[in-house]
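Before any comments, here is the structure.
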Amino acid sequence: MKPFVLIATRPEDQVAETELASVLEFTGLDPADLIWARLDRDPFPDLPLDEVSGIILAGSPFTVSDPVESKSPQQVRAEREIFRVLDQVIEHDIPFLGACYGIGTLGTHQGAVIDRTHGEPIGAIGVTLTEEGARDPLIQEAGLPRTFTGLVGHKEAVTSLPDHATVLVTGENCPVEMFRVGTRQYATQFHPEMDVPALIERARHYREHGYFAPEQMDEIFAALSEQTADQAPRLLRAFVTHFAR
């Protein structure tokens, strides 16, 4: 099998390594079949994209819609590399699945409006397939029900999509929880690469990053601990089984 690539942009080593472990768990991939590309510090690997099965872009503390002058050198470097990769993904129709930060970057690349209108605090929410979502082959491969629980926590989101993009999943407060461009490029606002324990651990690392009020952390974590969100991660396994070659 040709390998998959995980694009990571988390500068914190411990968080990045935990994210890698989650992606390996939910995709079912052997570590030898997943190339880990940390674009916050390194260029994208020098490999022809026709030699990979697909690309996964995980979440990030970065916010793509922030003014350029406010972005760190790490973020500027990462986004320059991501947009260069997305040029090739679209041109060569490479399977792509972006999570959270992935919806902002793919959306920006494709002409969507990304802003802070529909940000959501950390939590577990109900999301619903659209009619197009129910017919989508990746979602069908994942066996997702019409309504399922998504784990969220984001400052920015899609406000509007270009005409060539298709909304697959929607939420009560965030109208675009998942979309597709073409037939093989996907992005989600919710996190399919995490379960509830992983989200709690991630949130603990980012308690001062503005995703929630730090003094409410224990209350938020207690509420999260009562939730189950084991359906969305099926998308990662489905992405691998559907596009492996």
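None of these values were measured; they are calculated from a predicted model.
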Review point. Given side chains that start at C-beta, do those of Glu19 and Arg10 come closer than 4.5 Å, heavy atoms only?
Key: yes
Review point. Does Leu34 share a hydrophobic cluster with Met194, counting links as ILVMFWY side-chain heavy atoms below 4.5 Å and allowing steps through other members?
Key: no
Review point. Taking all atoms of both residues into account, what is the closest heavy-atom pair of Ala187 and Gly102, and its distance?
Key: CB-O, 3.9 Å
Review point. Which heavy-atom pair separates Trp36 from Ala16 by the least distance, and what is that distance?
Key: CZ2-O, 3.5 Å
Review point. Is there a path from Leu97 to Phe148 through hydrophobic residues (I, L, V, M, F, W, Y) whose side chains come within less than 4.5 Å of each other?
Key: yes
Check your understanding: Between OG1 of Thr9 and CZ of Arg77, what distance do you get to the nearest 0.5 Å?
Key -> 11.5 Å
Exercise for review: Side-chain contact test, heavy atoms from C-beta onward, threshold under 4.5 Å: evaluate it for His118 versus Val158 and give yes or no.
Suggested key: no
**Study point:** Spatial distance of atom CG (Leu106) from atom CG (Leu57) [nearest 0.5 Å]
**Key:** 9.0 Å
Check your understanding: Does Glu131 have any salt bridge (charged side-chain N to carboxylate O under 4.0 Å, His left out) partners at least two apart in sequence or in another chain, and if so, which?
Key -> Arg146
**Study point:** Backbone N/O of Asn173 and side chain of Glu120: donor-acceptor pair under 3.5 Å
**Key:** no
Review point. Would you call Arg204 and Glu201 a salt bridge, using N to O less than 4.0 angstrom?
Key: no
Exercise for review: State whether the side chain of His191 and the backbone N or O of Glu193 hold a donor-acceptor pair below 3.5 Å, judged by distance alone.
Suggested key: no
Practice item. Without swapping roles, check the side chain of Arg180 against the backbone of Gly182 for a donor-acceptor pair under 3.5 Å. Key: yes
**Study point:** Full working for side chain to side chain donor-acceptor pair (under 3.5 Å) between Thr149 and Gln227
**Key:** CA-CA 9 Å; Thr149 299; Gln227 301 291 324; 5.1 Å; no
Check your understanding: Any salt bridge (charged side-chain N to carboxylate O under 4.0 Å, His left out) pairs touching residues 222-235, not counting sequence neighbours?
Key -> none
Check your understanding: Side chain of Ser53, backbone of Arg245: donor and acceptor closer than 3.5 Å?
Key -> yes
**Study point:** ILVMFWY network linking Phe96 to Tyr186, side-chain heavy atoms under 4.5 angstrom
**Key:** no
Exercise for review: Keeping the roles fixed (side chain from Gln189, backbone from Met178), state whether a donor-acceptor pair exists under 3.5 Å.
Suggested key: no
**Study point:** For Glu25, all residues meeting side-chain contact (heavy atoms from CB on, under 4.5 Å), sequence neighbours excluded
**Key:** none
**Study point:** Backbone of Arg38 reached by a side-chain donor or acceptor of Glu81 within 3.5 Å
**Key:** no
Review point. Heavy-atom count around Glu172 CD within 6.0 Å, excluding the residue itself: above 12?
Key: no
Review point. What distance do Ile56 atom CD1 and Leu29 atom CG have between them, rounded to the nearest 0.5 Å?
Key: 6.5 Å
Practice item. Please assess Leu6 against Leu24 for the test side chain to side chain contact (heavy atoms under 4.5 Å, CB included), listing each intermediate value before the final yes or no. Key: CA-CA 10 Å; Leu6 170 62; Leu24 287 170; over 6 Å; no
Check your understanding: Does Ile125 belong to the same Ile/Leu/Val/Met/Phe/Trp/Tyr cluster as Leu144, with side-chain heavy atoms less than 4.5 Å apart forming each link?
Key -> yes
**Study point:** Whether Glu141 side chain and Phe239 backbone form a donor-acceptor pair below 3.5 Å
**Key:** no
Exercise for review: Grab the two heavy atoms, one from Cys100 and one from Gly59, that are nearest each other, plus how far apart they are.
Suggested key: CB-CA, 4.5 Å
Practice item. Check whether any side-chain heavy atom of Pro61 lies under 4.5 Å from a side-chain heavy atom of Pro11, and answer yes or no. Key: yes
Practice item. Verify side chain to side chain contact (heavy atoms under 4.5 Å, CB included) between Arg116 and Thr63, making sure each step is shown before the conclusion. Key: CA-CA 10 Å; Arg116 296 191 176 222; Thr63 305; 4.1 Å; yes
Check your understanding: What are the two closest non-hydrogen atoms of Ala99 and Phe190, and how far apart are they?
Key -> CB-O, 4.3 Å
Check your understanding: Can you tell me if Thr130 uses its side chain to pair, donor with acceptor, with the backbone of Leu168 under 3.5 Å?
Key -> yes
Revision key, fill the gap. Taken to the nearest 0.5 Å, the spacing of Glu156 CD from Thr117 OG1 works out to 11.0 Å
**Study point:** Heavy-atom pair with the smallest gap, counting every atom of Ile94 and Gln185
**Key:** O-NE2, 2.9 Å
Exercise for review: List the steps, then state whether side chain to side chain contact (heavy atoms under 4.5 Å, CB included) holds for Met1 with Asp33.
Suggested key: CA-CA 8 Å; Met1 182 183 74; Asp33 294 322; 3.5 Å; yes
Exercise for review: Look at the side chain of Lys71 and the backbone N and O of Val64, then say whether any donor-acceptor pair between them is shorter than 3.5 Å.
Suggested key: yes
**Study point:** Smallest separation among heavy atoms of Ile200 and Ser225, with atom names
**Key:** CD1-OG, 3.6 Å
Check your understanding: Going from OG1 on Thr166 to CD on Glu132, what distance comes out if it is rounded to the nearest 0.5 angstrom?
Key -> 5.5 Å
Check your understanding: Are any non-hydrogen side-chain atoms of Val152 and Cys174 less than 4.5 angstrom apart?
Key -> no
Point to revise | Inter-residue atom distance Asp136.CG - Leu235.CG, 0.5 Å rounding | key: 9.0 Å
Practice item. Using a 4.5 Å cut-off on heavy atoms from C-beta on, say whether the side chain of Ile122 contacts that of Leu224. Key: yes
Check your understanding: Are the side chain of Thr108 and the backbone of Thr105 linked by a donor-acceptor contact shorter than 3.5 Å?
Key -> no
Exercise for review: Report the C-alpha distance between Val167 and Leu161 in whole Å, list the side-chain angles of each, state the deciding distance to 0.1 Å, and finish with yes or no for side chain to side chain contact (heavy atoms under 4.5 Å, CB included).
Suggested key: CA-CA 8 Å; Val167 180; Leu161 285 170; 3.5 Å; yes
Review point. Can you get from Tyr101 to Phe44 by hopping between Ile, Leu, Val, Met, Phe, Trp and Tyr side chains that sit under 4.5 Å apart?
Key: yes
